[in-house]
Q: 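Questions regarding the structure given below will be posed in turn.
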Amino acid sequence: CPECGNIVTSLTDGEVYCCGRQLTALKAVKDSEGTVKAERDGSEVIISGTHPMTREDYVSFVALVSTDTVLVRKLYPEWDLMLHLPRIPQALLYWYSAREGLHWSGI
């Protein structure tokens with residue numbers, strides 16, 4: 001939600017409302033610049049990046065998504081962009097910032 005920052009997920013299309021207005025599904029674009037990276041390290045994935053984490057522009061969440069699993073981690077301004085998550089086989093990395101929108105990349 002652009003108003004409150006709420007993260008809403010759904011497996012099917014539907015009408016989703018937050019803060020009194022209807023939300024539309026985000027379209028993910030490939031992160032070709034490598035702004036947020038995921039590196040395998042044994043049974044973990046280490047996520048880091050060069051994206052700013054200021055109050056005006058920050059990565060709001062990262063998610064690992066596979067065919068049967070979704071793991072979402074909410075982030076906040078002025079936090080470090082460094083996470084250790086459990087490795088999910090064949091997952092894609094998604095990340096969102098209010099300025100740049102939703103992005104994805106392989107792991």
Side-chain angles (χ1 to χ4, degrees):
C1 176
E3 186 70 27
C4 69
N6 194 13
I7 301 168
V8 181
T9 63
S10 175
L11 295 176
T12 61
D13 292 335
E15 293 183 9
V16 178
Y17 290 82
C18 191
C19 296
R21 64 191 218 192
Q22 186 175 2
L23 303 178
T24 58
L26 297 173
K27 303 290 184 200
V29 297
K30 184 163 177 48
D31 179 12
S32 58
E33 296 179 18
T35 306
V36 177
K37 298 178 190 176
E39 298 178 29
R40 295 182 200 170
D41 184 21
S43 63
E44 290 187 325
V45 174
I46 300 171
I47 298 172
S48 62
T50 59
H51 193 284
M53 293 297 285
T54 64
R55 289 183 186 264
E56 296 77 29
D57 184 21
Y58 65 99
V59 174
S60 177
F61 71 85
V62 297
L64 294 179
V65 179
S66 72
T67 56
D68 64 352
T69 305
V70 175
L71 188 136
V72 177
R73 179 68 63 90
K74 177 78 171 124
L75 301 173
Y76 296 92
E78 300 176 356
W79 282 20
D80 289 336
L81 182 51
M82 173 65 77
L83 304 163
H84 291 251
L85 300 175
R87 185 172 174 264
I88 300 171
Q90 300 175 347
L92 293 177
L93 170 68
Y94 286 84
W95 61 273
Y96 175 81
S97 86
R99 286 196 179 160
E100 298 177 30
L102 184 65
H103 290 78
W104 70 272
S105 65
I107 297 177

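Nothing here was measured: the structure is a model prediction, and the numbers come from that model.
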Q: CD of E44 to CZ of R87: how many Å apart, nearest 0.5 Å?
A: 12.0 Å

Q: Please round to the nearest 0.5 Å and tell me the distance separating atom CD1 of I107 and atom CG of L92.
A: 7.0 Å

Q: Report the residue from H103, E100, R99 that forms a side chain to side chain donor-acceptor pair (under 3.5 Å) with H51.
A: E100

Q: Calculate, to the nearest 0.5 Å, the distance between atoms CG and CG belonging to L93 and L64 respectively.
A: 6.0 Å

Q: Is the number of heavy atoms from other residues, nucleotides or ligands under 6.0 Å of Q90 CD greater than 12?
A: no

Q: From M82 CE over to S48 OG, what is the distance, rounded to the nearest 0.5 angstrom?
A: 4.5 Å

Q: Can you tell me how far the CG atom of L71 sits from the CG atom of L85, to the nearest 0.5 Å?
A: 5.5 Å

Q: Pairs in or reaching into residues 22-35: which pass salt bridge (charged side-chain N to carboxylate O under 4.0 Å, His left out), with residues at least two apart or in two chains?
A: none

Q: Kindly give the heavy-atom pair with the smallest separation between T54 and P77, and that separation in Å.
A: O-CB, 3.8 Å

Q: Hey, does L75 have a side-chain heavy atom less than 4.5 Å from the side chain of R73?
A: yes

Q: Considering all heavy atoms of both residues, which atom of F61 and which atom of L102 are nearest to each other, and what is their separation?
A: CZ-CD1, 4.1 Å

Q: Would you say W104 and V45 are hydrophobically clustered, going by side-chain heavy atoms of ILVMFWY under 4.5 Å?
A: no

Q: Can you name the ring pair (Phe, Tyr, Trp, His ring centres under 6.0 Å) partners of Y58, sequence neighbours left out?
A: none

Q: Side-chain atoms of residues 1-17: list all donor-acceptor pairs with protein atoms under 3.5 Å, sequence neighbours left out, distances to 0.1 Å.
A:
| unit_1 | atom_1 | unit_2 | atom_2 | d |
| --- | --- | --- | --- | --- |
| S10 | OG | T12 | N | 3.3 |
| S10 | OG | T12 | O | 2.6 |
| E15 | OE1 | Y17 | OH | 3.3 |

Q: With rounding to the nearest 0.5 Å, note down the distance linking CH2 in W95 to OG in S60.
A: 11.5 Å

